[in-house]
Amino acid sequence: MYRRAEAPNQLPWHRETIPPHLAEAVAQQTPGRALDIGCGTGVYATYLAELGWNVTALDFVPTALSMARERASEKAVIINFVEADILQWEGDGKFELILDSGCFHGFANNQRQVYKQQ
């Protein structure tokens with residue numbers, strides 16, 4: 001679907017709204033390192049970066065990352081974008097906040113164990 005989409009709003013799952021659980025979670029913490037797994041078009045990664053978080057945004061879809069980079073540029077925030085499969089990616093340390101807003105549910109049971117270990 002990313003190949004056919006010319007803009008994020010053409011993706012059926014795209015939302016600009018920040019989920020209340022994310023807003024509540026970050027309101028209770030001092031900004032630190034955040035990992036957005038399956039960042040898509042970068043809505044949440046950009047939100048976190050605007051709040052002062054040091055964000056790593058990971059996705060395996062190049063078009064998604066391109067849209068996310070464009071969003072970050074428009075908002076003038078710095079985000080470390082990583083093109084990778086989370087099941088094979090080796091991170092560089094710990095994160096105070098890890099966000100998965102659509103990745104885990106797409107895995108088979110054996111992949112979920114690998115995900116958990118990652």
Side-chain angles (χ1 to χ4, degrees):
M1 295 191 107
Y2 275 106
R3 286 185 214 137
R4 293 187 303 244
E6 294 180 17
N9 64 359
Q10 295 176 343
L11 300 164
W13 56 81
H14 181 77
R15 304 286 180 271
E16 292 287 333
T17 307
I18 303 304
H21 67 275
L22 176 58
E24 290 170 17
V26 299
Q28 298 173 22
Q29 294 189 44
T30 301
R33 294 187 71 213
L35 173 62
D36 185 355
I37 301 170
C39 70
T41 61
V43 172
Y44 307 148
T46 301
Y47 167 74
L48 292 170
E50 287 179 308
L51 293 176
W53 288 82
N54 177 353
V55 181
T56 296
L58 184 137
D59 208 301
F60 73 101
V61 180
T63 305
L65 289 170
S66 177
M67 290 179 180
R69 283 185 184 99
E70 184 175 328
R71 175 182 299 278
S73 177
E74 289 170 0
K75 299 288 186 171
V77 294
I78 296 172
I79 297 172
N80 175 31
F81 290 103
V82 178
E83 183 180 335
D85 179 338
I86 188 61
L87 299 179
Q88 298 173 359
W89 181 67
E90 294 187 25
D92 59 352
K94 295 188 178 196
F95 294 89
E96 285 73 39
L97 175 71
I98 298 175
L99 173 67
D100 176 339
S101 59
C103 200
F104 181 79
H105 73 274
F107 292 130
N109 285 339
N110 63 328
Q111 292 174 311
R112 288 179 179 169
Q113 290 303 314
V114 173
Y115 180 95
K116 181 180 172 184
Q117 292 171 359
Q118 286 293 87

So do the side chains of Trp53 and Gln29 get within less than 4.5 Å of each other, counting heavy atoms only?
yes

Within-4.5 Å side-chain heavy-atom neighbours: Ile79 and Leu48
no

Is any side-chain heavy atom of Trp89 closer than 4.5 Å to one of Thr56?
yes

Measure across Ala68 and Gly40 and return the closest heavy-atom pair with its distance rounded to 0.1 Å.
CB-O, 3.5 Å

For Asn54, what residues pass the side chain to side chain contact (heavy atoms under 4.5 Å, CB included) criterion, not counting sequence neighbours?
Arg33

Closest heavy-atom pair and its distance - Tyr44, Pro19
CE2-CD, 3.4 Å

What residues form a side chain to side chain contact (heavy atoms under 4.5 Å, CB included) with Leu87, not counting sequence neighbours?
Asp85, Phe107, Gln111, Val114, Tyr115

Would you say that Leu65 contacts Cys39 through its side chain, given a criterion of any heavy-atom pair below 4.5 Å between the two side chains?
yes

How many angstroms lie between CZ in Phe81 and CG in Asp36, if you round to the nearest 0.5 Å?
9.0 Å

Once you round to the nearest 0.5 Å, how far does OG1 of Thr46 lie from CG of Leu51?
11.0 Å

Atom CZ of residue position Phe95 - does it have more than 12 heavy atoms of other residues, nucleotides or ligands inside 6.0 Å?
yes

Say you draw a straight line from CG of Leu58 to CD1 of Ile86; how long is it, rounded to the nearest 0.5 Å?
5.0 Å

Atom CG in Leu99, atom NE2 in His21: separation rounded to 0.5 Å?
6.5 Å

Can you confirm whether Ile18 sits close enough to Val43 that some side-chain heavy atom of one is under 4.5 Å from a side-chain heavy atom of the other?
yes

